[in-house]
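Here the structure comes first, spelled out in structure tokens, and everything after it is commentary.
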Amino acid sequence: MLQCEQKSPDQISGEIIISFPDGAQRQFNRGVTGFDIAQTISPSLAKRAIAVKLNGHLCDVMAPIWCDGTIEIVDRDHQDALGIIRHDTAHIMAEAVQMLYPQTQVTIGPAIENGFYYDFYRETPFSTDDLKQIEDKMREIMARDEKFVREEWERADAVQFFRDKGELFKVELIESIPGDEKISIYRQGNWLDLCRGPHVPSTGKVGTAFKLMNVAGAYWRGDSNRPMLQRIYGTAWRTQKDLDSYLHMLEEAERRDHRKLGKEMGLFHLQDEAQGSVFWHPKGWAIWIALETYLRKRLRDAGYQEVKTPQLMDSRFWEASGHWGKYRENMFVVPDVVPNTDEVGKIFKEDPKKFLALKPMNCPAHVQIFKQGIKSYRDLPLRLAEFGCCHRNEAHGALHGLLRVRQFTQDDAHIFCREDQIMDECVKFCELTKSIYSDLGFENYVIKLETRPEKRIGSDELWDKAEAGLEQALQKLGMNYTISPGDGAFYGPKLAFIIRDAIGREWGCGTIQLDFNLPERLDALYTAEDGSRQRPVMLHRAVLGSIERWIGIMIEHYAGKLPLWLAPVQVVVATITDAANEYAQSIVQDLKSRGIRAELDLRNEKIGYKIREHSVAKTPILAIIGQKEAENDQIVLRYLSQEDQLTLSRADALARISADTKMPE
RNA sequence: GCUGCUGUAGCUCAGUGGUAGAGCACUCCCUUGGUAAGGGAGAGGUCGAAGGUUCAAGCCCUUUCAGCAGCACCA
């Protein structure tokens with residue numbers, strides 16, 4: 001955020017022309033403040049103003065304006081207000097912390113999505129108990145209603161000042177500010193901090209709808225080789241109501257946590273001996289199979305052929321693909337030696353001469369399939385799909401339920417095609433992805449174009465061509481996208497599809513990656529129309545990304561209440577009395593023979609108890625069977641979260657359940 | 001991997017140096033009950049692991065493993 005644009009000091013008199021958002025223009029004396037201007041509109045607006053936006057730049061209400069421009073008065077309801085409020089709150093927190101813990105050094109404290117943080121350097125870590133005290137102190141500072149005052153200092157003075165105070169991190173920050181920028185300081189009462197601004201007029205205007213959330217470690221300047229700082233996270237909002245609804249959203253996210261629901265619903269578990277790999281239980285695996293069956297159909301319809309490739313391959317293979325050089329730290333490597341069976345001694349009798357690695361990606365293996373026999377231009381585009389089980393040696397701290405695992409299955413495919421087919425294949429992929437996301441209940445997503453990273457293979461000319469290719473496909477589809485520089489894979493640029501879930505969180509899932517490098521490295525060729533040998537282009541693509549992760553996301557998106565066709569148990573047939581057992585059994589048989597996932601509950605419990613238990617377990621359909629139904633060949637259906645129940649003939653009920661549990665076409 | 005926090009019954013958790021607890025789940029018995037918890041009884045724990053302090057450790061100390069949050073990594 002920049003301070004007000006300023007002209008040179010010789011232009012301090014005369015008049016300037018200020019335009020307003022409604023198009024009106026008025027003249028003011030040079031050096032007028034945003035507050036003065038707001039005052040001329042209405043005193044109440046001036047009172048409400050927390051900043052002004054001049055020519056698109058936010059500045060303090062009290063900053064003098066030296067040049068012509070368009071002005072917006074920023075009040076609490078303005079879209080930029082929250083960022084300012086959060087940044088102010090961070091400053092107030094920093095003062096509170098230094099009042100309570102004088103040995104603490106301040107570093108940086110920006111506004112972030114949903115709140116703010118401030119990183120401190122202190123020998124003793126903060127505890128969550130400290131947060132309450134800090135909050136109380138912050139409320140005192142707000143009650144004092146100190147003015148935020150901006151000052152501009154000479155660089156040397158600022159360095160001297162902070163060095164004398166022992167604020168060595170601030171000194172480093174000042175020294176890293178480009179030479180032509182002013183050093184601005186904000187003062188609030190006796191406390192001050194290096195800051196670009198802007199700030200609200202005074203600490204009393206920040207508002208008290210804030211809460212300190214948690215404490216965590218964070219590296220100075222995000223560098224794992226530099227000191228670990230103590231970061232305090234807080235959240236701040238315009239109103240108490242907004243704060244409450246944010247806290248409620250967090251509770252909702254916790255309630256939906258797939259690790260918790262997965263346990264409750266008996267879907268899967270994780271255990272120490274297999275960190276980062278999933279034990280799928282029958283019910284969780286039922287979801288997997290339903291999803292995979294659906295994807296197989298979609299892939300087949302889209303012209304893909306399914307393959308399966310080896311799990312363990314020689315290191316020479318990975319050297320050729322480039323993974324050994326660029327990706328090895330993420331791979332599991334196994335020595336190709338017979339283990340020692342003696343109870344004592346070394347695990348291996350001899351030092352290994354050869355190594356095998358578990359595949360972290362499927363791409364090089366698919367190239368091998370492409371290379372078998374001679375391919376013609378008539379074979380292109382050749383689309384090879386695999387539900388490929390990959391292993392990646394992720395850092396312990398990175399593992400997280402199903403969302404970040406070490407063994408995962410990609411809905412992977414590689415399209416081998418000519419350069420002139422790239423556009424068409426990208427377009428087809430984007431359309432397929434959109435349709436699958438829609439079937440699975442994700443209508444909102446954004447696309448990012450991720451370009452060349454620092455660690456990469458291939459010439460700059462190839463990268464230029466690849467990045468341009470993806471961008472053209474997007475433009476042809478008329479899809480909105482943003483560019484994310486340096487985030488591409490080491491072999492090529494990519495499009496990333498980022499979905500938004502039911503409570504607004506974003507997840508990167510689908511991807512299509514353009515690759516001119518691997519076909520060359522692994523020497524893939526086809527025979528062109530003129531008989532010459534040509535390199536195919538390779539498109540790496542996945543719709544869901546990792547199936548494990550996707551199921552985790554779906555559990556949270558649906559809070560466990562998956563669409564009927566994906567539900568692990570679709571119907572529970574529950575009896576009211578033993579007299580109906582035989583009839584109930586025959587219904588379950590009928591359901592199962594129609595491919596419906598049905599269970600039978602004959603337990604000696606009252607029907608109210610059974611209904612409650614299966615409802616809590618999120619069973620979408622309950623079939624209630626009493627003596628009456630057994631006698632009349634009927635079934636009572638009760639759908640989850642619907643009050644009404646339906647009494648249907650057996651045939652009608654079965655037909656209805658079949659229709660409701662059908663997989664999308 | 002780094003920083004902090006946590007680790008007690010299948011699950012959720014209580015237990016601040018002196019004989020391990022609750023609710024739910026589980027097993028058995030009674031009950032055959034018509035739409036979100038019927039009643040009774042029982043079983044279940046090397047208190048994450050190893051070492052130490054102490055007459056005495058779930059509790060204090062050290063080491064270690066794992067989980068959680070964030071960072072870094074990754075997509």
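In what follows, every chain begins at residue 1, and chains take the letters A, B, ... in the order their sequences are listed.
The six-membered or imidazole ring of A:Phe116 lies away from that of A:Tyr118, with a centre-to-centre distance of 6.0 Å or more. Less than 6.0 angstrom separates the ring centroid of A:Trp550 from the ring centroid of A:Tyr437.
For A:Tyr101, the ring-ring contact (aromatic ring centres under 6.0 Å, His included) partners at least two apart in sequence or on another chain are A:Phe126. Remark: A:Glu252 engages A:Arg255, A:Arg256 in a salt bridge (charged side-chain N to carboxylate O under 4.0 Å, His left out) (not counting sequence neighbours).
Across the P atoms, B:G58 and B:A36 are found 47 Å apart, a figure rounded to whole Å. Separation of the C1' atoms belonging to B:G21 and B:U63 is 30 Å when rounded to the nearest angstrom. For the C1' atoms, the distance from B:G39 to B:G33 is 13 Å, rounded to whole Å. Across B:A14 and B:A57, the matching P atoms stand 24 Å from one another, rounded to whole Å. B:C68 sits 25 Å from B:C61 when the P atoms are compared, rounded to a whole Å. B:G70 and B:G51 have their C1' atoms separated by 32 Å, with the value rounded to a whole Å.
Annotation: of the two residues near RNA chain B, A:Ile611 and A:Arg259, the 5′-most nearest-nucleotide partner is A:Ile611. Nearest-nucleotide positions on RNA chain B for A:Gly626 and A:Cys509 put A:Gly626 closer to the 5' end.
Distance from the side chain of A:Lys628 is smallest for B:G34 among the nucleotides B:G33, B:G34, B:A75. For A:Gln275, the listed nucleotide lying nearest its side chain is B:G67; candidates were B:U35, B:G67, B:A75.
Residue pairs meeting the side chain to side chain donor-acceptor pair (under 3.5 Å) criterion with at least one partner in residues 618-629 of chain A, sequence neighbours excluded, do not occur; the list is empty.
Here A:Asn214 lies in heavy-atom contact (under 4.0 Å) with sugar-phosphate atoms only. Counting any heavy atom pair closer than 4.0 Å across all strands shown, A:His614 reaches no nucleic acid atom. Contact annotation for A:Glu613: no contact, since no heavy-atom pair falls under 4.0 Å across all strands. Within 4.0 Å (heavy atoms only), A:Ile607 reaches sugar-phosphate atoms of the nucleic acid but no base atom.
Using a 4.0 Å cut-off between a side-chain N of Lys or Arg and a carboxylate O of Asp or Glu, A:Arg221 and A:Asp223 do not qualify as a salt bridge.
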Could you list all N or O pairs between the protein and nucleotides 71-73 of chain B that sit under 3.5 Å apart?
{"unit_1": "B:C71", "atom_1": "O4'", "unit_2": "A:Gly217", "atom_2": "O", "d": "3.3"}
{"unit_1": "B:C71", "atom_1": "O2'", "unit_2": "A:Tyr219", "atom_2": "N", "d": "3.2"}
{"unit_1": "B:C73", "atom_1": "O2", "unit_2": "A:Arg404", "atom_2": "NH2", "d": "3.0"}
{"unit_1": "B:C73", "atom_1": "N3", "unit_2": "A:Arg404", "atom_2": "NH1", "d": "3.3"}

The contact string for nucleotides 38-44 of chain B, one letter per nucleotide 5' to 3', using protein heavy atoms under 4.0 Å with B, S and - for base, sugar-phosphate only and none, comes out as B------
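The CZ-C1' distance, from A:Arg603 to B:C26, rounds to 11 Å in whole Å. Rounded to an integer number of Å, the gap from A:Gln230 CD to B:U3 P is 10 Å.
In secondary-structure terms, RNA chain B builds stems of at least 3 consecutive Watson-Crick or G-U pairs, each pair having both distances under 3.5 Å, at B:1-7 with B:65-71, B:10-13 with B:21-24, B:26-30 with B:38-42, B:48-52 with B:60-64.
The shortest distance between the side-chain N/O atoms of A:Lys448 and the OP1/OP2 oxygens of B:A75 is not below 4.0 Å.
The nearest pair of heavy atoms linking A:Leu267 to A:Pro568 is CD2-CG, 3.9 Å.
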